[in-house]
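In the text below, chain A, chain B and the rest are named by the order of the sequence lines, each starting its count at 1.
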Amino acid sequence: MHQFAVPSGLFSLDLTLSCGQVFRWERQGDWWQGIVGNDVICIRQKGDLLLSASGREEPIRSYFQLDLDLDGILRSIDRDPVIHGAIGRCRGLRIIRQDPWECLASYIIATYANIPGIKKKIRLLSESFGEPLETETGTYYRFPSPEAIASSDLCDIRKCSLGYRSEYLCETAGVIAEEPGWADRIAALPCGEARKELMALKGVGPKVADCVLLFAFARYEVFPVDVWIARIMQQCYSPPASAGYNRIAGEGRARFGEYAGYAQEYLFCDRQHLTSGSS
DNA sequence: CGCCAGGCGGGAC
DNA sequence: GTCCCGCATGGC
């Protein structure tokens with residue numbers, strides 16, 4: 001059993017894992033089980049301590065970005081009463097540093113679906129095509145590699161109830177599998193170039209591209225716009241009702257600055273509160 | 001049952 | 001460039 005300190009009052013494991021940025025972690029009582037790097041991790045939080053039944057500290061610190069100055073980020077985006085309320089209710093939420101391929105594939109699958117459904121699709125896909133890992137609490141499955149997806153029969157992929165997303169995933173998996181250095185190449189590009197490259201992939205539009213830039217490549221300035229964010233921006237901020245994607249995303253970027261992506265994630269996490277008319 | 005979901009591709013204009 | 005539509009499937 002390892003334990004190590006997290007920044008006091010500036011990390012919430014529960015909010016970070018359950019806010020809908022990642023889809024594969026499973027909660028069992030006070031414990032969360034998931035994968036960090038190459039290891040299956042069992043982890044829980046007690047106050048300002050993180051307890052881990054397995055796994056080394058450094059990959060966990062990196063995965064949760066525990067060395068990032070969250071307090072400074074929150075102060076920099078705390079620019080109006082709406083985001084101020086969201087920060088108050090979601091303090092401790094951190095943007096996870098995700099694996100690029102898993103993030104890309106997950107958000108292709110996530111298009112026009114709800115979060116419980118997304119989790120199910122990704123679980124089916126992992127159990128069908130991912131490498132099994134035996135643990136003391138049962139079998140866990142790795143997220144399928146692009147090679148595993150690309151070389152599988154489309155009919156089998158369809159069985160994971162991905163619907164029309166099956167073809168997009170399969171085609172994009174093939175492209176990624178052909179280029180082993182894909183993630184490094186994208187990481188080295190300026191944000192706009194990286195976004196263009198991502199959007200050239202099947203099933204990747206502006207929203208998926210921005211999610212991948214934010215969650216896998218740590219481009220904290222991007223402001224992904226889904227139906228909830230569009231609703232919040234229209235309801236809580238200026239009311240140009242039918243504004244296109246890039247206009248809303250640009251407004252978020254301009255309003256919240258270089259950590260607009262963090263503001264977006266706090267607004268998304270607080271979406272029920274913000275859209276139920278109580279602000 | 002009907003409505004909605006972390007949108008996208010393909011066309012029209 | 002923007003607008004519009006169809007879309008598979010499951011959750012609620």
Side-chain angles (χ1 to χ4, degrees), chain A residues 15-25 86 90 93-96 98 100 102-128 154-175 192 195-217 219-220 222-236 240-253 260-276:
Chain A
L15 282 172
T16 297
L17 290 179
S18 64
C19 71
Q21 58 177 323
V22 287
F23 304 103
R24 298 237 308 138
W25 285 83
C90 304
L93 166 63
R94 281 174 186 261
I95 292 179
I96 286 171
Q98 296 191 37
E102 176 172 344
C103 183
L104 172 64
S106 295
Y107 279 90
I108 288 173
I109 291 167
T111 59
Y112 203 40
N114 54 36
I115 290 177
I118 296 164
K119 288 181 176 172
K120 185 178 181 183
K121 294 178 206 305
I122 294 178
R123 182 167 49 76
L124 286 171
L125 192 74
S126 300
E127 289 172 0
S128 302
L154 189 55
C155 293
D156 293 328
I157 293 172
R158 284 215 181 81
K159 290 175 187 160
C160 302
S161 68
L162 303 186
Y164 56 83
R165 308 167 191 88
S166 303
E167 285 84 347
Y168 304 154
L169 180 67
C170 206
E171 187 170 331
T172 291
V175 174
R195 188 175 195 246
K196 216 188 312 183
E197 288 278 325
L198 289 168
M199 286 181 63
L201 299 165
K202 260 306 171 40
V204 181
K207 196 280 184 171
V208 172
D210 285 346
C211 283
V212 173
L213 289 170
L214 179 60
F215 297 134
F217 293 105
R219 308 295 172 98
Y220 296 120
V222 303
F223 190 85
V225 179
D226 71 331
V227 293
W228 290 99
I229 292 298
R231 196 174 293 154
I232 290 167
M233 292 300 282
Q234 192 214 326
Q235 198 168 315
C236 302
S242 84
Y245 183 96
N246 288 333
R247 170 148 185 199
I248 301 176
E251 195 176 313
R253 173 70 177 85
Y262 251 96
Q264 187 271 3
E265 204 55 10
Y266 272 72
L267 294 174
F268 182 81
C269 184
D270 198 34
R271 61 194 178 281
Q272 282 87 2
H273 186 95
L274 290 175
T275 55
S276 63

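Within 4.0 Å of A/Ile115, counting heavy atoms only, lie sugar-phosphate atoms of the nucleic acid but no base atom. Residue contacts for A/Leu201: at a heavy-atom cut-off of 4.0 Å it reaches the sugar-phosphate backbone alone, with no base atom in range. Within the nucleic acid shown, A/Ala113 comes within 4.0 Å of at least one base atom, counting heavy atoms only. Contacts of A/Glu265 with the nucleic acid, taken as non-hydrogen atoms under 4.0 Å apart, include base atoms. Nucleic acid contact for A/Val208: sugar-phosphate only, since backbone atoms but no base atoms lie under 4.0 Å from a heavy atom of the residue. Within the 4.0 angstrom heavy-atom criterion, base atoms lie near A/Gly20. As judged by a 4.0 angstrom heavy-atom cut-off over every strand, A/Tyr107 is placed among the base-contacting residues.
Of the listed nucleotides (C/dG10, B/dA5, C/dC12), B/dA5 has the atom at the smallest distance from the side chain of A/Val227. Residue A/Tyr112 has its side chain nearest to B/dG7 when only C/dG11, C/dT9, B/dG7 are considered. When distances are taken from the side chain of A/Trp228 to each of B/dA5, C/dG11, C/dC7, the shortest belongs to B/dA5. Listed nucleotides B/dA5, C/dG10, B/dG7 differ in distance to A/Arg231; the shortest reach to its side chain belongs to B/dA5. Side-chain proximity of A/Arg165 to the nucleotides C/dA8, C/dG11, C/dG10 is greatest for C/dA8.
Two residues, A/Ala110 and A/Val204, neighbour DNA chain B, and the one matched to the more 5' nucleotide by heavy-atom proximity is A/Ala110. Both A/Gly117 and A/Tyr164 lie close to DNA chain C; mapped to their nearest nucleotides by heavy-atom distance, the more 5′-ward contact belongs to A/Tyr164.
Base pairing annotation: B/dC8 forms a Watson-Crick or G-U wobble pair with C/dG6, both donor-acceptor distances under 3.5 Å.
Expressed to the nearest 0.5 Å, how far CD1 of A/Ile157 lies from CZ of A/Arg165 amounts to 14.0 Å.
Classification of the A/Tyr164-A/Tyr168 ring pair by plane angle, with boundaries at 30° and 60°, yields perpendicular.
Proximity of A/Lys202 to the phosphate of B/dG9: no side-chain N or O atom is located under 4.0 Å from OP1 or OP2. Contact between the side-chain N/O atoms of A/Arg247 and the OP1/OP2 oxygens of C/dC3 is not found at any separation under 4.0 Å.
Atom P of nucleotide C/dG11 and atom CG of A/Leu162 are separated by 13 Å, given to the nearest angstrom. Rounded to a whole Å, the CD atom of A/Glu167 is 16 Å from the C1' atom of B/dG7. The interatomic distance linking A/Arg158 (CZ) with C/dG10 (C1') rounds to 18 Å, in whole Å.
Closest approach of A/Ile248 to A/Ala243, counting heavy atoms only: CD1-O, 3.5 Å. Residues A/Cys269 and A/Leu15 share a closest heavy-atom pair of SG-CD2, 4.0 Å. Here the closest non-hydrogen pair linking A/Thr172 and A/Lys202 is OG1-O, 2.7 Å.
Rounded to a whole angstrom, the distance from the P atom of B/dG9 to that of C/dG10 is 22 Å.
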### Query
Can you check salt bridge (Lys or Arg N to Asp or Glu O under 4.0 Å) on A/Asp210 and A/Lys207, steps first, answer last?
CA-CA 5 Å; A/Asp210 285 346; A/Lys207 196 280 184 171; over 6 Å; no
